[in-house]
K.L.:
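Here it is, the structure in full.
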Amino acid sequence: MSSTPVPAVPVAGGGAMPMIGFGTWQLSGEDAYRAVSTALEAGYRQIDTAAGYGNHRQVGRALADSGIPRHEVFVTTKLLPNSAGRERQALERAVDQLGVAYVDLWLLQHPPRQDPLPAVWQAMVDLADEGTAKAVGVSNYTTALLDALIRETGRTPAVNQVAFSPARFDPQLLVEHAERRVAVQGYSPLRHTDLTHPALTAPAARLGASAAQVVLAWHLARRVSTLPSSTRPDHIRDNLTAARLNLSPAELHTIDTLEQHTVALSGTSAP
């Protein structure tokens, strides 16, 4: 097991969320089981899945076989918008497939056609208050859609999970979420990022690390929880050890201002 200390961010209702988690999008079958098992053995204590990924049972089996006490692993799953009206059944099915009594974070995966889905959100909030989900949040929401949920229900999402990488860096988004006390979690941290760019390879050489590790360390420095994913055991382990890296203010600023292909958050699809 890795001894890498991973910082955490507070999540309203859900305790502390480790800032490097293991993403399971596009992982299925035994590949999902092996990858999650490797991640847990390496020291990951956050696992991210979703009803739409079709891997709840494999993730749950890896959790059970790891022997790690349930309270030590932060488990996230997501609700598809087409489950409107069936929120309770969806959550009960998720925890049953995962083999757990509760999830630490339950996200509304994305807003269809820019509809904030306040009725679905209210149902999720009500179910969380019963204890089967410790915290609730959203994914792929703009600030305007967050405000619509808050305005119509009076309940602020604990987390907004969005596509985030140096190519998508948006300091205003971070400011707006901090003002609303919504934690930002980024998926696809390496997508659209040129890992051969000197802004990444120079600090990597200084630190004896990879450019991918530098990207993940940049996320942590910007207080954005991140969800790298891989099926390769060496990459899984290396991604977690990015928490050991300390980038200088100058290096962080250079990464912030990389001129790369930018993808608008509102136009990305959910993982």
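These values consider heavy atoms only, across backbone and side chains, with no hydrogens, waters or symmetry-generated copies. One-based numbering along the sequence shown.
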K.L.:
Please check: side-chain N/O of Asp115 versus main-chain N/O of Pro111, any donor-acceptor pairing under 3.5 Å?
P.N.:
no
K.L.:
Less than 4.5 Å apart, side chain to side chain, heavy atoms only: is that true for Glu130 and Tyr102?
P.N.:
no
K.L.:
Whether the Glu92 and Thr132 side chains hold a donor-acceptor pair (N or O, under 3.5 Å, no angle test) is what I'd like checked.
P.N.:
no
K.L.:
If you group Ile, Leu, Val, Met, Phe, Trp and Tyr by side-chain heavy-atom gaps below 4.5 Å, do Val120 and Ile150 land in one group?
P.N.:
no
K.L.:
If you round to the nearest 0.5 Å, how far is CD of Gln58 from CG of Leu98?
P.N.:
10.0 Å
K.L.:
Linking I/L/V/M/F/W/Y whenever any side-chain heavy atoms sit under 4.5 Å apart, do Leu258 and Leu216 land together?
P.N.:
no
K.L.:
Any sub-3.5 Å donor-acceptor pair from Ser210's side-chain atoms to Gln213's backbone N or O?
P.N.:
yes
K.L.:
Tell me whether Trp121 contacts the main-chain N or O of Arg155 through its side chain, where contact means a donor paired with an acceptor under 3.5 Å.
P.N.:
yes
K.L.:
How long is the gap from CG on Leu245 to CZ on Arg206, to the nearest 0.5 Å?
P.N.:
9.0 Å
K.L.:
Which pair of non-hydrogen atoms, one from Leu108 and one from Met124, has the smallest distance, and what is that distance?
P.N.:
N-CE, 3.5 Å
K.L.:
May I ask whether Val9 and Trp106 are part of the same hydrophobic cluster, defined by side-chain heavy atoms of I, L, V, M, F, W, Y residues being less than 4.5 angstrom apart, directly or through others?
P.N.:
yes
K.L.:
Report yes if the side chains of Leu146 and Val138 come closer than 4.5 Å at any heavy-atom pair, otherwise no.
P.N.:
yes
K.L.:
List the atom of Arg237, the atom of Ala42, and the distance in Å for their closest heavy-atom pair.
P.N.:
CG-CB, 3.8 Å
K.L.:
Report the C-alpha distance between Leu207 and Leu247 in whole Å, list the side-chain angles of each, state the deciding distance to 0.1 Å, and finish with yes or no for side chain to side chain contact (heavy atoms under 4.5 Å, CB included).
P.N.:
CA-CA 9 Å; Leu207 295 165; Leu247 300 172; 3.7 Å; yes
K.L.:
Please give me the minimum heavy-atom distance between Ala50 and Gln109, naming the atom from each residue.
P.N.:
CB-OE1, 4.2 Å
K.L.:
Would you confirm whether Tyr53, through its side chain, and Lys78, through its main-chain N or O, come within 3.5 Å as a donor-acceptor pair?
P.N.:
no
K.L.:
If we ignore hydrogens and angles and just use 3.5 Å, is the side chain of Glu251 paired with the main-chain N or O of Ser248 as donor and acceptor?
P.N.:
yes
K.L.:
Under 6.0 Å from the CZ atom of Arg70, do we count more than 12 heavy atoms belonging to anything else shown?
P.N.:
yes
K.L.:
Would you confirm whether Arg45, through its side chain, and Gly21, through its main-chain N or O, come within 3.5 Å as a donor-acceptor pair?
P.N.:
no
K.L.:
Are Leu149 and Leu80 connected, step by step, through hydrophobic side chains (Ile, Leu, Val, Met, Phe, Trp, Tyr) whose heavy atoms are closer than 4.5 Å?
P.N.:
no
K.L.:
Any sub-3.5 Å donor-acceptor pair from His235's side-chain atoms to Thr231's backbone N or O?
P.N.:
no
K.L.:
State, to 0.1 Å, how close Gly23 and Ser229 come at their nearest heavy-atom pair, and which atoms those are.
P.N.:
O-OG, 2.7 Å
K.L.:
How about CG on Asn246, more than 12 heavy atoms from neighbouring residues, nucleotides or ligands closer than 6.0 Å, or not?
P.N.:
no
K.L.:
Is the shortest heavy-atom distance from the side chain of Met17 to the side chain of Asp104 under 4.5 Å?
P.N.:
no
K.L.:
Evaluate the side-chain proximity of Ile47 to Leu40: yes if any heavy-atom separation is below 4.5 Å, no if none is.
P.N.:
yes
K.L.:
Side-chain heavy atoms under 4.5 angstrom apart, residues restricted to Ile, Leu, Val, Met, Phe, Trp, Tyr: same cluster for Leu117 and Val136?
P.N.:
yes
K.L.:
So, Thr49 versus Asn55: side-chain donor-acceptor pair below 3.5 Å or not?
P.N.:
yes
K.L.:
Flag the pair Arg34 / Ser37 as yes when at least one side-chain heavy-atom distance between them is below 4.5 Å, and no otherwise.
P.N.:
no
K.L.:
Parallel, tilted or perpendicular, judged at 30° and 60°: which one describes the rings of Phe164 and Trp218?
P.N.:
parallel
K.L.:
A side-chain contact here means heavy atoms from C-beta on lying under 4.5 Å apart; do Gln161 and Leu227 qualify?
P.N.:
yes
K.L.:
In sequence, state the C-alpha distance, the side-chain angles, and the governing distance for Val125 and Thr153, and then conclude on side chain to side chain contact (heavy atoms under 4.5 Å, CB included).
P.N.:
CA-CA 9 Å; Val125 166; Thr153 68; 5.7 Å; no
K.L.:
Which pair of non-hydrogen atoms, one from Ala242 and one from Ala217, has the smallest distance, and what is that distance?
P.N.:
O-CB, 3.7 Å
K.L.:
Quick one: pull up NE2 in His192 and CG in Leu190 and give me the separation to the nearest 0.5 Å.
P.N.:
11.5 Å
K.L.:
Looking only at non-hydrogen atoms, find the nearest pair between Asp194 and Leu200 and report the distance.
P.N.:
O-CD1, 3.5 Å
K.L.:
Side chains of Arg168 and Arg191: does their closest heavy-atom pair fall under 4.5 Å?
P.N.:
yes
K.L.:
Among Asn140, Thr226, Asp48, which residue meets the side chain to side chain donor-acceptor pair (under 3.5 Å) test with Tyr187?
P.N.:
Asn140
K.L.:
Can you give the donor-acceptor pairs under 3.5 Å from side chains of residues 172-184 to other protein atoms, not counting sequence neighbours?
P.N.:
| unit_1 | atom_1 | unit_2 | atom_2 | d |
| --- | --- | --- | --- | --- |
| Gln172 | NE2 | Glu176 | OE2 | 3.3 |
| Glu176 | OE1 | Thr143 | OG1 | 2.7 |
| His177 | ND1 | Leu173 | O | 2.9 |
| His177 | NE2 | Asn160 | ND2 | 3.1 |
| Arg180 | NE | Asp147 | OD1 | 2.7 |
| Arg180 | NH1 | Glu176 | O | 2.8 |
| Arg180 | NH2 | Asp147 | OD2 | 3.0 |

K.L.:
Say whether, by atom type as modelled, one donor and one acceptor occur between the side chain of Gln46 and the main chain of Pro18 under 3.5 angstrom.
P.N.:
yes
K.L.:
For residues Asp65 and Arg61, determine if any side-chain heavy atom of one lies less than 4.5 Å from a side-chain heavy atom of the other.
P.N.:
yes
K.L.:
Checking Arg222 against Leu252 for the side chain to side chain contact (heavy atoms under 4.5 Å, CB included) test, could you report, in this order, the C-alpha distance in whole Å, the side-chain angles of both residues, the deciding distance, and whether it holds?
P.N.:
CA-CA 9 Å; Arg222 292 297 175 238; Leu252 290 171; 3.3 Å; yes
K.L.:
Applying side chain to side chain contact (heavy atoms under 4.5 Å, CB included) to Leu79 and Glu87, what does each step give before you reach the verdict?
P.N.:
CA-CA 8 Å; Leu79 176 76; Glu87 295 86 0; 3.9 Å; yes
